[in-house]
Amino acid sequence: MDAKAIEEYAVDAVRDCLNYSDHLSSFIAEDDKEPSWDGHIYIYGNKKNKEHLEGRLPVQVKGTVQTIIANETIQYRMETTDLRNYLRDGGILLFVVYIEQDKKAMKTSTQIYYRELTPIRLKEILGSIDSSQKTMLVSLKKMPDKVAEIDNMILNCYSNCKRQTSFADTTLPSYEELNNAGLVEGVSIPFTCFDANMRPEDIFLKNDAYLYVKVRGLEALQPLGGMTDEKFISHEKKVPISVNGILYYNNCNVFETIDRIVYRIGKGLTFTHLKGSNGLNINYSSPKMLRDYVRDQRFMIAAVNNGSMQIGSIQINLNNSDLSQFEISRQTERYEFYNKVVRLFEIIGCEEDVDITKLTHTDFRNLSIMITGIVDNKVVEGLRNDLQPLMYVDVGSLRFLIGFDKTDKEGSYILKNFEETNVYAKFRETDDDPKIRFPKYLLLKRDDLLSLSNIPFDHILTSLQSLPSHNHVYNAANTLLLEMIAAIDKAEGRRREHLFITALEIADWLCTIPDTAWEPCIAKLNRIQLIKRDRALNDSERNDLYDIIEGNPDHPRILVAAYLLLDERTRAQHFYMQMAQEEQNEFTSYPIYHFWQ
């Protein structure tokens, strides 16, 4: 087949395809002499007349003799000169037509592929190659087989080309740059269609989509970039999910792609509906995290035993579903064990979760010991006879501090959560000092505060406040405060939040102690260094620091701390050099040194 025949077949295929539309007219020339364009598609509103003309979209049609295949996408080699011409002209709709001829049957078949080459898409394509490259492969998609989808595709291509043309020759700032400058007023994904009754979700999934940002001071939306073809829509659907009248979930998550809808219940159960079909594919994979596993297993055991579940008003029969991997007796046994683990975590105050797929034999043994002693309230037997009253117990990535009270029977112990243990600390420098039972929380060091998962942070302050007023009490509380501040510098997430709140409570309390009972400048310094880890100091706090400096001219250690908190490092260095070497070494171990590093 010669080049002229190929071109005629290709152009005719595109024309014939567009002739079915009530909104599109093609003006595509055969044997066109223009260097990079073949013509235009005219886009109309309600009627094909001048009064309803929306605009026109440039097109390029390429034909190639190929065996027609079922592929949804192809690649076609284009000259980069043409692509740069398209960019300068504001974009184009590219068609590539596969032509297959059966001479015996005197029949010619065609398959049209297309690519929306908007200015932003062209910039992305050309930006991925070297400027000296002469040709490159361009990906195209199979032409839709419904007239309405073709109409909307071409209308959206035209609309996006129009929005992007003025930005074709400019270097666009990124979203991060605009947002950091405070210029972002909103982000949108605009699209248009002819049929107001079409689902916006379908238009989004089936057409090219672009992110645009509304920039303060600009009338036009600025494009940020094109989205990939692997688009999906996700949302939460409020719907009661029950078994035999018992509610288990209040919602499910819905994920929709161009060809399927997936409903996810909990973390492990999915229903997949292929668009255009009647059936559902049901799949269950037990979650890895403990609490998710227990919740999902409770639901699955009930549903499988009942043979069905209720999602809103829809009854789903599970008897014919492929849940053969769900061995009900074994799954029930595992569920009962892990349900006791969740109960254990609730009793000891562990908010964190654990990946049950990574637990070792030792982890399971430790869990069984704690379940027996703390959940079941039974004496634990068969342990070593020399265990300490407080022991670290590890489970996966978690660590607990558990009390082991020895009984009269060898190797037998009564277990208690750290909060319930009778362990206490003693601080007596001389025989004349009062006998004070200091709370066990004063035994905690920085590493404990960072690693233990059963610290009752909300009890620490009240345990300190219940002690008698004495210098030793306040020194001990301040020592714990410093350990907490040191831990805060390494902690993250909820643990850092717990540490910060508790430390601030202790610091505030120490600041209320009368001057005659303790050192107010130490209390203020520690409170301010804690606050500085969270935000900039205000004028009142800075004035407090200057008052401390003025009131302690002969205490280099206090002066160094105050100047560090004021960000006056030169002054801090001056007084640091006045300290003895031993004092300098000690100072570097304090949390305040964080502001000098």
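Partners of Glu177 under the side chain to side chain contact (heavy atoms under 4.5 Å, CB included) rule, at least two apart in sequence or in another chain, are Pro173, Ser174. Listed by chain and number, the residues in a side chain to side chain donor-acceptor pair (under 3.5 Å) with Thr407 amount to none (sequence neighbours excluded). By the ring pair (Phe, Tyr, Trp, His ring centres under 6.0 Å) test, Phe418 pairs with Tyr441, sequence neighbours left out.
Salt bridge Arg399/Asp447: absent, no basic N to carboxylate O contact under 4.0 Å. Between Arg495 and Glu352 there is a salt bridge, since a side-chain N of the basic residue sits under 4.0 Å from a carboxylate O of the acidic one. A salt bridge does not link Glu541 to Lys532: none of the charged nitrogens lies less than 4.0 Å from a carboxylate oxygen. Contact check on Glu346 versus Arg343 returns a salt bridge, with a Lys/Arg side-chain nitrogen under 4.0 Å from an Asp/Glu carboxylate oxygen. Comment: Glu381 engages Lys409 in a salt bridge, judged by a side-chain N to carboxylate O separation of less than 4.0 angstrom.
Between the Asn552 side chain and the Ile548 main chain, a donor and an acceptor come within less than 3.5 Å of each other. The backbone N or O of Val187 sits nowhere less than 3.5 Å from a side-chain atom of Tyr175 that would complete a donor-acceptor pair. Looking only at distances, no side-chain donor or acceptor of Asp355 sits under 3.5 Å from a matching main-chain atom of Met289. Looking at Asp353, its side chain does come within 3.5 Å of a backbone N or O of Leu290 through a donor-acceptor pair. A donor-acceptor pair is defined here as one N or O able to donate and one able to accept, closer than 3.5 Å; no such pair exists between the side chain of Asn179 and the backbone of Val184. In this structure, Lys524 contributes its side chain and Asp544 its backbone to no donor-acceptor pair below 3.5 Å. One N or O on the side chain of Gln584 and one on the backbone of Tyr576 form a donor-acceptor pair closer than 3.5 Å.
Donor-acceptor pairing under 3.5 Å is lacking for the side chains of Glu550 and Tyr546. No hydrogens or angles considered: nothing links the side chains of Asn180 and Glu176 as a donor-acceptor pair under 3.5 Å. One side chain, Thr360 or Asp363, offers a donor N or O that lies under 3.5 Å from an acceptor on the other.
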Just distance, no hydrogens or angles: give the donor-acceptor pairs under 3.5 Å from side chains in residues 238-252, sequence neighbours left out.
unit_1, atom_1, unit_2, atom_2, d
Lys238, NZ, Glu236, OE2, 2.9
Tyr249, OH, Asp296, OD1, 2.6

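By the 30° and 60° cut-offs, the orientation of the rings of Phe587 relative to Tyr593 is perpendicular. Relative ring orientation between Phe575 and Tyr563 is described as parallel, the plane-to-plane angle staying below 30° on a 0-90° scale split at 30° and 60°.
Tyr263 does not carry Lys237 over the face of its six-membered ring by the limits of under 6.0 Å from the centre and within 45° of the normal.
Applying the ring pair (Phe, Tyr, Trp, His ring centres under 6.0 Å) definition to pairs two or more places apart or across chains, those involving residues 443-468 are Phe457-His498. The salt bridge (Lys or Arg N to Asp or Glu O under 4.0 Å) analysis of residues 471-493, with sequence neighbours excluded, yields the pairs Asp489-Arg533.
Note that the CH2 atom of Trp509 and the CG atom of Leu464 stand 5.0 Å from one another [nearest 0.5 Å]. Separation of atoms CD1 (Ile371) and OH (Tyr338) is listed at 10.0 Å; rounding is to 0.5 Å.
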Problem - Stepwise side-chain contact (heavy atoms from CB on, under 4.5 Å) check, Leu383 with Ile369 - result: CA-CA 9 Å; Leu383 303 180; Ile369 289 172; 3.8 Å; yes

Exercise for the section: Check the pair Phe438 / Ser463 against side-chain contact (heavy atoms from CB on, under 4.5 Å), numbers first and verdict last. Expected result: CA-CA 9 Å; Phe438 288 88; Ser463 71; over 6 Å; no

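Checked options Arg334, Lys288, Lys267, Arg298; the residue passing with Tyr293 is Arg334 (criterion: side-chain hydrogen bond (donor to acceptor under 3.5 Å, both in side chains)).
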